[in-house]
Colleague: 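Below is one structure. I have some questions about it.
Note that the structure is predicted; figures quoted are calculated from it, not measured. First the proteins, then the strands, lettered A, B, ... as listed; each starts at 1. Only this structure's heavy atoms are used, side chains among them; waters, hydrogens and symmetry mates stay out.
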Amino acid sequence: MSAPLPTPPEPPPVRDDEAWERLYLERTWAPKKGLIGWLSEVHHTEIGKRYIITAFVFFLLGGIEALLMRWQLSGPEKQVMGPDLYNQVFTMHGSTMMFLFAVPMMEGVGLYLVPLMIGTRNAAFPRLNAFGYWTYLIGGLLLYGGFLLNVGPDAGWFSYVPLAGPQYSPGKRVDIWAQMITFTELAGLAGAVNLIVTVFKHRAPGMSLNRMPLFVWAMLVKSFMVVFAMPAVMVASTSLAMDRLIGTHFFNAAEGGDALLWQHLFWFFGHPEVYIIFIPALGMLSSILAVFTRRQVFGYLPVVLSMVSIGFIGFGLWVHHMFATGLPQLGQSFFTAASLMVALPSGVQIFCWLATLWGGRLWLKLPLYWVLAFFAVFVTGGLTGVMLGTYSVDQQVHDTHFVVAHFHYVLIGGAVFPLFGGLYYWFPKITGRMLGERLGKWNFWTFFLGFNLTFFPLHFLGMMGMPRRVYTYGVERGWQPLNLLATVGAVIMAVSITLLLVNIFWSLKRGEVAGNDPWGADTLEWGTTSPPPSYNFLHLPTVRGRYARWTAAEDQPVVTGVRSDRKEVLVTRLLDAAPDHRAELPGPTLWPLWVALATGVMFIMVIFTPWGIVVGGVLLFITLTGWFWPRPPYKEELAPEQPS
Amino acid sequence: MSHATPDDGVGTGRNAALWAGVLLPPFAWLLALQVTYSLVTSNCQKARPALLHGVLVGAVVLLGLGAFSAWRSWRALRGRPGTLEDSGVGRARFMAAFGLLSSALFTLLLVATAIPTFLLRPCD
Ligand code: HEM
């Protein structure tokens, strides 16, 4: 062969020289600069942060909508808004909180923390990660764009047909809702696939399945649930859009469709959805409990078992949302049975935590406050849940404010309390500074008080017959005092969230510097600087026990042989995380953004014309081709006989 | 696992048995729930109790298979060093124990699913 030999590669970095190593890593993993750099970011910490911040903004928006509703309901026959706007506002609130806040928030926290916790440098599919975020953002903007233009959806957060069908919901409101669902679920799937592969194949050597941190288990279970649940709702929302746009009859009983099919598809996703929100929260609770009781969580095996089995049982409960639809009794009783049985693993979980608390030396810091409050709130929500899971009770209070009280107790108790605990716990890792203690306590107590004041009275209002989703009530009902109380509670919660925001901004500037590990915690993310560098760890860690940092040896080995001058990571084996091979991860690029935009054009354009499929299809073809276009391999990797 | 290394501790066949112990019990229950529910709601006339019980027995067999593999793996690991917290053998033991406990839990769920089939008729 006459082709010139390629120039010899640069000598590999000197291994035992930390400064060199750091220099190489920094150069290899540094994000690009400027606006283009920002848009082409694919590192999991950055994407995770964006998810968290965006979801928090949506939480604030949903909160403002909640305040508006509480204001409207604070007295009989108030005129803050009319029925049409009220319909839009409760739909926006529910959809925002479920699809734009709770799920993406958990996803963001997982994407930020999991790769750090398992000791790797990035998520397994960095570009997919970026694509997921952009898709989610476009979906959220679509929903709020619609709302601002008075085409905000108004058929409730689960958009039942026939109400949401073409006959009773003309116009584009429901289409916007349906496409928002398609966007966010697509994003959810991207994140879930990413997390599953990262957890299965990128764990630090030694972190066998039975040594994974409980938080990582939680994220794994959650991601599997996403993979099985989200397709159902995407199929549903797409079919609904087709019914509305091109006259198919999936849900039109008059033409041989089936309105109940919608409910089945929706709740086949919707019930697991509750656990998709709740299971990551379980992971946060376990992380916090271990650190602030200074001991291992009692019963690792039963806790893992209960998370995994809740993941399965979660798919066998959906019909209990449909008890009022007149399905055959025998069919319903299967689901009553399962709904009562799911209390078993949940109970095991709670008792394991109580056993951890029992006899542990409690280090009463703010994260633990939120965890302790979680117990009180969530158990209340669980109790009313068992009541509602019973067919006869459900018949009685179905669609009243009793249900509103129940699901806010479980959702806020089960997700928001642990999330705020997690915020106080991981804020130092993410930002390098501690959140202020005093403001933190005010934040906690006002939230706890405000929450109970808002939602406890709703149980009684529900039993007195106050329906949900109705914009006002007559004076003669006698519902005013309790409603006013609930509204006062909501205002207190708003004050509390304001305090939290003040605390965050203040602490970002003035907060106490955290150092690597302010809590003496057990998981690997605390072994790197706060905030973590763009390459996560100077030396990729290894693990020899469940509580990685608590069980590490004095001279715990680190991974060597992974190149620092490339974006290389170590791929390990599924069961025992034994080293398998090295893989190189892709770097920053704009392609995921272009693909997300093309997806956006397609999904939004089809609201108005079926040609959206064609236009979007062409754009997607072009952008995906760009994304997947093979890049030439490194020159020195070509065998000498290959012409370069 | 196509190419188990010594780190996987217990070899290819054993890992398949461990997975069976972990995954079969929940699948057995979910399958039973799906099939019995579909039978009852799609056409209760056809869903005779004997048919429903047949489905449930099928699920019991599937679950039993899972439980049996978990138990066999647990037995096979007896006497080998490694706690539930170690990798390799310890991890295998962890999966076996997981399978046993999950069999117990999903047996309860199957029983709970079965009870109504004795109390109610399909078209009630
Ligand atoms: C922060 C304080 C919150 C307040 C004051 C609040 C208040 C309300 C109110 C007044 C309604 C409408 C009741 C009706 O007329 O039917 C509602 C509905 C709802 N809320 Fe909240 N909420 C809050 C937080 C949350 C959170 C954090 C979530 C979820 C994670 C959530 C999920 C929902 C859902 C799913 C609905 C049902 C919407 C529908 O009927 O379609 N809320 N909330």
Colleague: Which value, rounded to the nearest 0.5 Å, describes the distance between Thr113(B) atom OG1 and Phe335(A) atom CZ?
Modeller: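 Thr113(B) atom OG1 to Phe335(A) atom CZ measures 9.0 Å (nearest 0.5 Å).
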Colleague: Is it the backbone or the side chain of Leu105(B) that comes under 4.5 Å from a heavy atom of chain A, or both, or neither?
Modeller: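 Answer is side chain: those atoms of Leu105(B) sit under 4.5 Å from chain A.
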Colleague: Looking at Met207(A), Arg546(A), Gln329(A), which has the largest count of heavy-atom pairs under 4.5 Å with chain B?
Modeller: Arg546(A)
Colleague: State, yes or no, whether a side-chain contact exists between Leu120(B) and Ser333(A) at a heavy-atom distance under 4.5 Å.
Modeller: yes
Colleague: Check each atom of Ser38(B) against the heavy atoms of chain A and say whether the ones under 4.5 Å are side chain, backbone, both or neither.
Modeller: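 Neither part, no heavy atoms under 4.5 Å.
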Colleague: Indicate the ring-plane relationship of Tyr37(B) and Trp318(A), choosing parallel, tilted or perpendicular according to the 30° and 60° boundaries.
Modeller: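 Aromatic pair Tyr37(B)/Trp318(A) classed perpendicular.
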Colleague: How far apart are the closest heavy atoms of Ile313(A) and Trp29(B), and which atoms are they?
Modeller: CA-CZ3, 3.7 Å
Colleague: Could you look at Leu110(B) and say if it's the side chain, the backbone, both or neither that has a heavy atom under 4.5 Å from chain A?
Modeller: neither
Colleague: Quick check on Leu305(A) against chain B: is it the side chain, the backbone, both or neither that has a heavy atom closer than 4.5 Å?
Modeller: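 The answer is both parts of Leu305(A).
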Colleague: Considering only heavy atoms, which portion of Arg93(B) lies under 4.5 Å from any heavy atom of chain A: side chain, backbone, both, or neither?
Modeller: neither
Colleague: Give the member of Pro345(A), Gly311(A), Ser309(A) that has the highest number of heavy-atom pairs under 4.5 Å with chain B.
Modeller: Ser309(A)
Colleague: Please look at Leu52(B) and chain A and tell me whether the side chain, the backbone, both or neither of the residue comes under 4.5 angstrom of a heavy atom of that chain.
Modeller: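 Interface part for Leu52(B): side chain.
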Colleague: Please flag which part of Leu340(A) lies under 4.5 Å from any non-hydrogen atom of chain B: side chain, backbone, both or neither.
Modeller: neither
Colleague: Just by modelled atom types, is the Asp86(B) backbone N or O under 3.5 Å from a matching donor or acceptor in the Arg211(A) side chain?
Modeller: no
Colleague: Check whether any side-chain N or O of Asn210(A) sits under 3.5 Å from a backbone N or O of Leu84(B) as a donor-acceptor pair, and report yes or no.
Modeller: yes
Colleague: At their closest point, which heavy atom of Ala112(B) faces which heavy atom of Met341(A), and how far apart are they?
Modeller: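 Looking at all heavy atoms of both residues, the shortest contact is CB-CG, 3.7 Å.
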